[in-house]
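Have a look at the structure below before the remarks.
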Amino acid sequence: MPREGARFAGSRVLVTGGAHGIGRACARWLAGEGARVAVADLDLAAATEVVTALDSTESGGEHRGDQPAEHLAVELDVTDDDSVRAAVAAAADHLGGLDVLVNVAGGDVEHPDFEHTGDDVWAWTLELNLMSVVRCTRAAMPHLRRSTLSPAVVSVTSVNALAALGSEPYSTAKLGIVALTRNLGAELGPAGIRVNAVAPGTVRTRVWDSQEGGAERMLPLYPLGRVGEPDDIAAAVAFLASREAGWITGHTLPVDGGLLTGHRHL
Ligand SMILES: NC(=O)c1ccc[n+]([C@@H]2O[C@H](COP(=O)([O-])OP(=O)(O)OC[C@H]3O[C@@H](n4cnc5c(N)ncnc54)[C@H](O)[C@@H]3O)[C@@H](O)[C@H]2O)c1
């Protein structure tokens, strides 16, 4: 059961990309603060594992199959508008509405330097990282408009949107989220819907596994002396989604261990 006075008691939350890494941490964190969560992901098997763990944690490991599950795992492909609409509808149906949307699904793809990167990589990267947020937010809007529980959207962009750190298609797509967030913050403020984003630095997730030295090779860039953990991002997402951030909208918050202070680059 959620802690008494939990910030998200009664809140109904949809997390895209919730099966792994940062999205999984967000789902766990928000559920830990009382939310009922729809974990939506391309990887339904992993999303189901996340939900099974959440359900069993809350019932003290004694979740009974004959009781309705608290949370929901739902298949979602953020690059497909039909899939997005179906997943949002399934989540709102199961949870009885939506109060918070957390847009996490996304990522970079291997590609050569700018001069040799073709339109296909650009189109796919913009699809996965920017149009995904457009689609999911658009589909969630009717539900958020009906929410009376401080409705909010929080999207995960990247420090790549805010500094020249390479990977032009990914950085450009992630900067699109910053512009979208700012505009929707203004547009939806009068409806009481807050729209914010977090821009993580290097976070230790599976995406770094294939790179030599893993996430740790980025360590010299970080004044705080460590790379990020998924919970560092989940904590910031939870703050921006909470009523405590009730006068913050249209904002992108770097969560980056001091990377963007730039002092190590001088
Ligand atoms: N890890 C980092 O260092 C870092 C830094 C800055 C920003 N980010 C951003 O954070 C987000 C999460 O990254 P992560 O490191 O946790 O990666 P991850 O690969 O661990 O998690 C991404 C999740 O998105 C899901 N996903 C992928 N394509 C999808 C699709 N088409 N539809 C639905 N779900 C899909 C995956 O199955 C996975 O569960 C991404 O948007 C990424 O760009 C990550």
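Every number for a ligand or one of its atoms is a count from 1 in the order of the listing.
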Between [options], which one has a non-hydrogen atom sitting closest to [atom]?
atom: atom 33 (C) of ligand 1; options: Asn129, Asp209, Leu76; answer: Leu76
atom: atom 6 (C) of ligand 1; options: Gly228, Pro200, Ala25; answer: Pro200
atom: atom 38 (C) of ligand 1; options: Arg24, Glu127, Lys174, Arg206; answer: Arg206
atom: atom 10 (O) of ligand 1; options: Thr79, Val156, Ile233; answer: Val156
atom: atom 7 (C) of ligand 1; options: Val203, Asp80, Thr157, Leu44; answer: Thr157

Nearest protein heavy atom to [atom], by residue and atom, and its distance?
atom: atom 39 (O) of ligand 1; value: Asp41 OD2, 2.5 Å
atom: atom 42 (C) of ligand 1; value: Tyr170 OH, 3.6 Å
atom: atom 14 (P) of ligand 1; value: Thr205 OG1, 3.7 Å
atom: atom 44 (C) of ligand 1; value: Ile22 CD1, 3.7 Å
atom: atom 29 (C) of ligand 1; value: Leu42 CD2, 3.8 Å
atom: atom 17 (O) of ligand 1; value: Val207 CG1, 3.4 Å
atom: atom 32 (N) of ligand 1; value: Val78 N, 3.0 Å

Show which atoms of ligand 1 fall inside a sub-4.0 Å distance from at least one heavy-atom site of [X].
X: Gly17; answer: 23 (C), 24 (O), 25 (C), 39 (O)
X: Thr202; answer: 3 (O)
X: Trp208; answer: 1 (N), 2 (C), 3 (O)
X: Gly21; answer: 16 (O), 20 (O)
X: Leu128; answer: 28 (N), 31 (N)
X: Gly107; answer: 43 (O)

Short side-chain donor-acceptor distance under 3.5 Å, Ser83 and Asp77: no
Side chain proximity check, Thr157 to Val198, heavy atoms < 4.5 angstrom: no
Please check if the side chain of [X] supplies one atom and the backbone of [Y] the other of a donor-acceptor pair under 3.5 Å.
X: Thr16; Y: Ala105; answer: yes
X: Asp41; Y: Ala19; answer: yes
X: Asp232; Y: Gly228; answer: no
X: Thr117; Y: Pro112; answer: yes

To the nearest 0.5 Å, tell me how far [X] [atom1] sits from [Y] [atom2].
X: Arg12; Y: His94; atom1: CZ; atom2: NE2; answer: 12.0 Å
X: Glu229; Y: Thr205; atom1: CD; atom2: OG1; answer: 10.0 Å
X: Met218; Y: Leu259; atom1: CE; atom2: CG; answer: 8.0 Å
X: Leu188; Y: Arg145; atom1: CG; atom2: CZ; answer: 6.0 Å

Ligand 1 contacted by Gly201 (non-hydrogen, < 4.0 Å): yes
4.0 Å heavy-atom contact, Thr16 with ligand 1: no
Result of checking Ile233, Val207, Val237 against Ile22 for side chain to side chain contact (heavy atoms under 4.5 Å, CB included): Ile233
Check against side-chain contact (heavy atoms from CB on, under 4.5 Å), Leu42 and Leu76: CA-CA 5 Å; Leu42 202 54; Leu76 166 69; over 6 Å; no
Non-hydrogen protein atom less than 4.0 angstrom from atom 27 (C) of ligand 1: no
Short N or O distance, Val104 and ligand 1, threshold 3.5 Å exclusive: yes
Ligand 1 N/O within reach of Ser158 N/O, cut-off under 3.5 Å: no
Derivation and outcome, side-chain contact (heavy atoms from CB on, under 4.5 Å), residues Ser150 and Arg194: CA-CA 8 Å; Ser150 190; Arg194 295 179 305 102; 4.1 Å; yes
Glu127 and Arg135 ion-paired at < 4.0 Å: yes
Asp77, portion touching ligand 1 at heavy-atom distance under 4.0 Å: both
